[in-house]
Each structure stands twice: as C-alpha cells, then as structure tokens.
Peer 1: 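Below you will find the structure I want to go over with you.
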There are 2 protein chains.
Amino acid sequence: MTRNPTLADVARHAGVSPATASRVVSGRGPASTQARRRVAAAVADLGYVPDAAARALATHGGTRIAVAVIGDTPTALTDPYVGRVVAATAEVAAAREVGVALHWLPRHDPAALARLAHGRGIGGVVLVNPTKPALEPLPRSARVAAIGVGSRHVPAFDVDNRGGALGVLRHLVGSGRRHIAMVTGPSWLPCTERAVDAYRRVARENGGEVRLVPGDFTTARGTTAALEIMARWPDTDAVFALGDLVALGVLDGLRGLGVDVPGDVAVAGFDDIAFAPLSHPALTTTTNPVEQIAAHAAAAVLDRRPTSPLTLFRSTLVVRESA
Amino acid sequence: MTRNPTLADVARHAGVSPATASRVVSGRGPASTQARRRVAAAVADLGYVPDAAARALATHGGTRIAVAVIGDTPTALTDPYVGRVVAATAEVAAAREVGVALHWLPRHDPAALARLAHGRGIGGVVLVNPTKPALEPLPRSARVAAIGVGSRHVPAFDVDNRGGALGVLRHLVGSGRRHIAMVTGPSWLPCTERAVDAYRRVARENGGEVRLVPGDFTTARGTTAALEIMARWPDTDAVFALGDLVALGVLDGLRGLGVDVPGDVAVAGFDDIAFAPLSHPALTTTTNPVEQIAAHAAAAVLDRRPTSPLTLFRSTLVVRESA
DNA sequence: TTGTAGGCGTTATCAA
DNA sequence: TTGATAACGCCTACAA
C-alpha cells in the first residue's frame, strides 16, 4: 500500500507543470486540448484522486455540506424524514469526497442559517423546512438549496404537493366523498401551502365547505385532529392529512370514536412511508421521493451550477384500503 | 463579518509561538501551565475554532467519518435504522467540525472495509452490520468502531441483545406462553447471536422446543415467517421477532391466517420503532437506543482514545397489547 | 518547555 | 496557454 499519488505526480507523469495539471483536474482555467488529454491519461494511469482537505484549504471551499433543519426544538432532527434526507445527501456527497453535517436551526433565529452557511468548513447547505424569514436575508453568495420553497437566491426542490394533493382529493371526490376535511402542516411552513391551495380549489369546484385544521406532522396531533374534526363537522366523510404519520393518528382517533374507515369516513395521507401499507385499514396516500429530492438539492449545492428556481418531483397516488 | 482568527492570531494574542499554541489547542505535546492558561484565554477571547481542512491536511487525519453498512445490496442503505445511525453520527461529528460519509460495503467483498478505512479523507469508520470476515483482516491502525460485534482491534458498541431478549422472553413465559417461536436475524450477522442464545436458554429452562426461523429485518419476511411457523408448529402460542419491522410483518401474517393476537398467539418485537405503538394490536417490544449507541461509536473513533472492547446499552421492555 | 523552519496537497496570481 | 511562486492554516521534527 504505497502513498497516494498527488497532483505533482500527475503533472510529472503528464509532462506538464502542477499548475496546468490543477487547471485540468479542477476544470477551471484555460488548458490546451493537448494538455487536457495528457493530464487525463496521467490521472487514469495513476488512479489519482484529489485530496479534499488540501483543496478545501486552498479554495476555502469547505469540506462538508450541512443538512440544516428548521424547527422549534432540537427534536426536529429525530424525524425519520430527516434521516432519509441525511442519508441521501451523504451518498451523493461521498462521491465528491465531501462529508455531511447535521444541524438544527431554531425557527425563531432566522440569522442562524446565514451563520451556518458562512461557517468555516461548510461548503453548502441543504435546508429542510425552509421559512421565509430564514431565506430572505441570505446574500447571493450563500450556497444553499432548499427542500420546499426557495427564494431569489435559493433554488428549491420539492415534491409536487399540489399535484399530489389534487390526485388524492380527486380520488376522494371520485369515490363519492363530499365533505372532506384536511389536516394541514404547521402554519409557519410555507411549502405546505400548495397542497392547501389544491384543497381549496377542489372544495370550490365541488361546492364543499372548507374544513381546515392545522397539523404538525405528528401522529399525536392526527389523533386529536380527528376528534376536533368530527366534533366540529359531524357529517365529514373524508379526511386528508398532510403526512402519513398524521393520517395514522387520524385513523387512531376515528377508531376511538367508533367511526368506521373507510365505511363512514375515508382517510388519506401524504408520503407513503414504510408503515402505510401495514396500518388497518392500509393507508391510501401519495408517494414522496424524498431521497431523490435530497440528492438533487445536494448536487445543486455541491456542483454550484445554475439550476432552475424550483424543481418539482412527481407524487403518485397509492390507493389502498382507507380511501 | 471579519476573517476568522487563525492559530497565529491566537499565538500572538497569547504572546507565545504558534507551535506552543498548537500544542495547547490540539492537546498533544508539552506546555507549561502558564502557556496553557494564556492560550486558553486567547482562544476564548478571539473565538478561535481550528480549521478542520488545514488540520486534516497537516495530520492526514481525514476530514470525515464514514458510516459503512455491510449488506448484500446497496438498498441496505435505505433501512430506517441506517438513517438513525447516520443522523446521530452526523450530530456528534458536527461538534468536531467533521463531516459524515455513507457507504455500502458488499458483504462478499470483506476487503472493501480496509480500503474505505484507509481511503484519503476518511478519519474513521462506524461499521453497521459487522461480520467476522470483514473485521478479521483489519490492522491495528484502522480507526473503526462497530455497532454489533467487534474484534481484536475494533471496539464494539451495541444494545444488550441478550438482556433485551431475556426481558421479552421472560415476559412471554410469565404470561403463560409455552411454545415460543423466534424469527432471527440473517445468519451472517453475528451480533444477533446473543439474542438467539438467550432464546435457547429460556427454551431449555422451560422445557420448550426450539423453534427458530431465519429473518432479515424486513416486514415482508415477517409475514412469510408467520406462515412458516404456524404451518410447522401449529400449537405455537408466541412469536418473538428480531426487529419490529419483522414483528409487524408477523402480525400481518397471523391476521391473514385468522389467528387472534394476543388471544391465540402473542407477538413481540425488538427495537421499539416509531410505528410500534400504532399497530393493532400495539406492539410489545424492547427499546434500542440506536442514537446513543451510534454517538458513542462515533465519539470513540473521532477521539481515538482507548475504549473497552464492548460497550453494551440497556434495552428495556415496553409492554403494549400484542404480548 | 519553547521557538524556528519546513511541509501537507491544492489553488491563485502574475509574468512570460 | 503555460509555469514559477506564494499562499491556505495547521502540525511537527529539531534545535535551543
């Protein structure tokens, strides 16, 4: 096991100066086709891999990418959703010799994001649960991509909430449901608004009343929300919950009430988590390609190439027993 | 926002040489109490934070810690358990200005671990699903900690499988179950053997037949395992599954068979995942402090301090409805 | 116990 | 388009 080849080795092997080799390898700066070819060959011959630490030191580019989660408490980091994002990010980062860091950003300290993004060693940030106050003050120079909504300087990647919600709601209407209630996400999370918009639209189209109840993506809230809904609008015949965990809680709450699902009330979720097919009745929901979304966001930050301000990923309806 | 202070700034501020400052900050090498105090004060004054990239470059210490998962296919990385490990590791790594990388290690290529561990930029490895063939050939110099079983040069951190299993089994026996079957982990995973040992011991103590069926931690396998068990040993009155996902699958399989849980057959899992309380009946299981375990393993690797060869974390029984 | 003087591997500057 | 040369921030013999 001999020493890893350095850029100097490559340059020598290719018969060029280290500077030229650097330009070719890093892809910045001019270089003749000649030089390009010879360096590429040398790289292949020697199995050269750039040293991330040295590169970070020279460029101030940072040695890791942060996954930052905005929330009210540090427990925001324990959400299984976050685990999926971190794992997916770590995988694309590994291919680029970059590590991943995980940080909680208190919702009430919007400046924390800028501090993190400019922190030493941080090459970029993948933001989970983006909020307007956190996004607003970011300068153009900040290398951050958001999962959810973005801003002028922050590209966003997200599931097609609107389309997914429309799919669910059309399915509910199509199977005869007329009094549909919805458990939304927390009001401070703008990326859930698209789904609520879809709900309002469908309600308008079908002359149904708007029955909105705020949620927070937790099962516990789903259970209480179910009670609230049935108390306030007893003739409700369907509940659409933003997040499968919430939907499972709704299922639980309705069961406690002696309400039959889907006989009396249909229930649908959003995310298609692993447990969705295992509930009773099995949960009707729509897919959420979290890993794919996170991978694209991470790639956008790491490659620093221009991306469209909003990239949407398809959400497809999965019909099971609950609706 | 001015330039971050460097070690040179600290040295100047403290009135010592950069070398002395380095010794104090990094904790290696001699230094008078005098010097120690003054440097510490300077660090606090200036808010100095070492540059991870520069340090890695100088020490070859690496800039990130890898979470490596041994498995048959790359899908091993999508297990929710891995997400928990990665998230926990990333959190402790972040405190040390280190990033996390995620890698799949093919089970049939034991040498892959050594390659990864010695790869440039990798400061250490937290190994998930350790196997003997992968652990064996590692030299003392490899900085790796395992979650599960270890080896001569690899400290291990794990949940107390034996104790946890004993807790479950004693509970089953205590509630009158006499014909207990067990769904194990994959046979190539040595860390599940401790739980199987506990099972054999309890079976012996109670004169029960040994009813073992191999599992793989997936829900799908749990379902088929339930069918296998009931076909082979129809008088089985309890199933203990290694892994809650498997247990949930067992629940599903038994339901399909028209078997009442817990009336006819009790079911217990292992892990206490988020869904455990949501199944019907709610799953009896034992806790698995994965985050805590991963954090300790990561700290052991990062701090390079001697640790005991095996650190066990308590698993406590959570009795719900299924057993 | 302290300080001086490289060196780690890469990129950036600037003159050729 | 190329090649010396000087950073980047820290660590570590070695000499004092």
Side-chain angles (χ1 to χ4, degrees), chain A residues 2-40 42-43 46-64 96-98 118-123 304, chain B residues 2-40 42-43 46-64 96-98 118-123 304:
Chain A
T2 160
R3 181 176 63 83
N4 283 313
T6 77
L7 193 53
D9 298 326
V10 171
R12 209 171 306 122
H13 195 88
V16 301
S17 73
T20 301
S22 172
R23 290 186 201 106
V24 173
V25 168
S26 67
R28 349 177 177 262
S32 61
T33 338
Q34 263 281 0
R36 242 177 257 288
R37 247 190 318 110
R38 301 173 65 174
V39 171
V43 165
L46 273 44
Y48 166 76
V49 177
D51 181 316
R55 178 173 279 181
L57 179 57
T59 62
H60 300 276
T63 174
R64 54 200 203 281
R96 292 166 177 74
E97 300 252 310
V98 172
H118 288 109
R120 257 206 316 211
I122 298 292
R304 313 194 162 212
Chain B
T2 158
R3 182 175 63 84
N4 282 313
T6 77
L7 193 53
D9 297 327
V10 171
R12 208 171 306 124
H13 194 89
V16 300
S17 74
T20 300
S22 172
R23 291 187 198 105
V24 173
V25 168
S26 68
R28 346 178 180 263
S32 64
T33 338
Q34 262 280 0
R36 243 177 256 289
R37 248 191 318 110
R38 301 173 65 175
V39 170
V43 165
L46 272 45
Y48 168 76
V49 177
D51 182 319
R55 177 172 283 179
L57 179 57
T59 61
H60 299 277
T63 175
R64 55 201 202 281
R96 292 165 177 75
E97 299 252 309
V98 172
H118 287 109
R120 254 202 325 209
I122 298 292
R304 313 195 162 213

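The chains referred to below are lettered A, B, ... by the order of the sequence lines, with proteins before strands, and numbering in each begins at 1.
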Peer 1: Whole angstrom is fine here: how far is it from CG in D51(A) over to P in dG7(C)?
Peer 2: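 D51(A) atom CG is separated from dG7(C) atom P by 18 Å.
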
Peer 1: If the condition is side chain to side chain donor-acceptor pair (under 3.5 Å), which residues does R96(B) pass it with, not counting sequence neighbours?
Peer 2: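 Partners of R96(B) by the side chain to side chain donor-acceptor pair (under 3.5 Å) criterion, ordered by chain and then number, come out as D303(B).
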
Peer 1: Compare every heavy atom of Y48(A) with every heavy atom of T6(A), then report the nearest pair and how far apart it is.
Peer 2: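 The pair with the smallest heavy-atom distance is C-CE1, 3.6 Å.
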
Peer 1: Pull out every residue in residues 52-64 of chain A that has a heavy atom closer than 4.0 Å to any atom of DNA chain D, ordered by number, or say none.
Peer 2: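 Within this stretch, L57(A), A58(A), H60(A) sit under 4.0 Å of the strand.
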
Peer 1: Name all residues meeting the side chain to side chain donor-acceptor pair (under 3.5 Å) criterion together with S17(B); count only those two or more places apart in sequence or in a different chain, and write none if there are none.
Peer 2: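 S17(B): side chain to side chain donor-acceptor pair (under 3.5 Å) contacts with T20(B).
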
Peer 1: Testing the basics here: between A56(B) and A53(A), what is the closest heavy-atom pair and its distance to 0.1 Å?
Peer 2: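 For A56(B) and A53(A), the tightest heavy-atom pair comes out as CB-CB, 3.8 Å.
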
Peer 1: For A31(A), give me all partners under side chain to side chain contact (heavy atoms under 4.5 Å, CB included), at least two apart in sequence or on another chain.
Peer 2: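 For A31(A) the side chain to side chain contact (heavy atoms under 4.5 Å, CB included) partners, ignoring immediate neighbours, are V24(A), R36(A).
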
Peer 1: How bent is the helix from dT1(C)-dA16(D) to dA16(C)-dT1(D), comparing axes over its five end pairs at each side, to the nearest 10°?
Peer 2: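 Helix axis angle between the two ends: 30°.
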
Peer 1: Using the side chain to side chain contact (heavy atoms under 4.5 Å, CB included) criterion, which residues pair with A42(B)? Sequence neighbours excluded.
Peer 2: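 Counting only residues at least two positions away or on another chain, A42(B) forms a side chain to side chain contact (heavy atoms under 4.5 Å, CB included) with V10(B), H13(B), A14(B).
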
Peer 1: Quick check: closest heavy atoms across G47(B) and P5(B), and the distance to 0.1 Å?
Peer 2: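 Looks like O-CG, 4.0 Å.
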
Peer 1: Considering only heavy atoms of chain A and a distance under 4.0 Å, specify the first and last nucleotide of DNA chain D in 5' to 3' order that meet this criterion.
Peer 2: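 Listed 5' to 3', the contact boundaries are dT1(D) to dG9(D).
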
Peer 1: Using the test side chain to side chain contact (heavy atoms under 4.5 Å, CB included), find all partners of R120(A) that sit at least two apart in sequence or belong to another chain.
Peer 2: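 For R120(A) the side chain to side chain contact (heavy atoms under 4.5 Å, CB included) partners, ignoring immediate neighbours, are N4(B), V49(B), D51(B).
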
Peer 1: Which side-chain hydrogen bond (donor to acceptor under 3.5 Å, both in side chains) pairs, counting each pair once, include a residue from residues 55-64 of chain A, with sequence neighbours left out?
Peer 2: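 Non-adjacent pairs meeting side-chain hydrogen bond (donor to acceptor under 3.5 Å, both in side chains): T63(A)-T63(B).
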
Peer 1: Restricting to nitrogen or oxygen on both sides, can you table the protein-nucleotides 2-4 of chain C pairs closer than 3.5 Å?
Peer 2:
residue, atom, partner, partner atom, Å
dT2(C), OP1, S32(B), OG, 2.5
dT2(C), OP2, S32(B), N, 2.8
dG3(C), OP2, S17(B), N, 2.9
dG3(C), OP2, S17(B), OG, 3.1
dG3(C), OP2, T20(B), OG1, 2.9
dG3(C), N7, R23(B), NH2, 3.0
dG3(C), O6, R23(B), NH2, 2.5

Peer 1: On a heavy-atom basis, which atom in L7(A) and which in A21(A) lie closest, and how many Å separate them?
Peer 2: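 Closest heavy-atom pair between L7(A) and A21(A): CD1-CB, 3.9 Å.
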
Peer 1: Hey, could you give me each pair passing salt bridge (charged side-chain N to carboxylate O under 4.0 Å, His left out) that has a residue in residues 11-26 of chain A? Not counting sequence neighbours.
Peer 2: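 Passing the test, one end in residues 11-26 of chain A: D9(A)-R12(A).
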
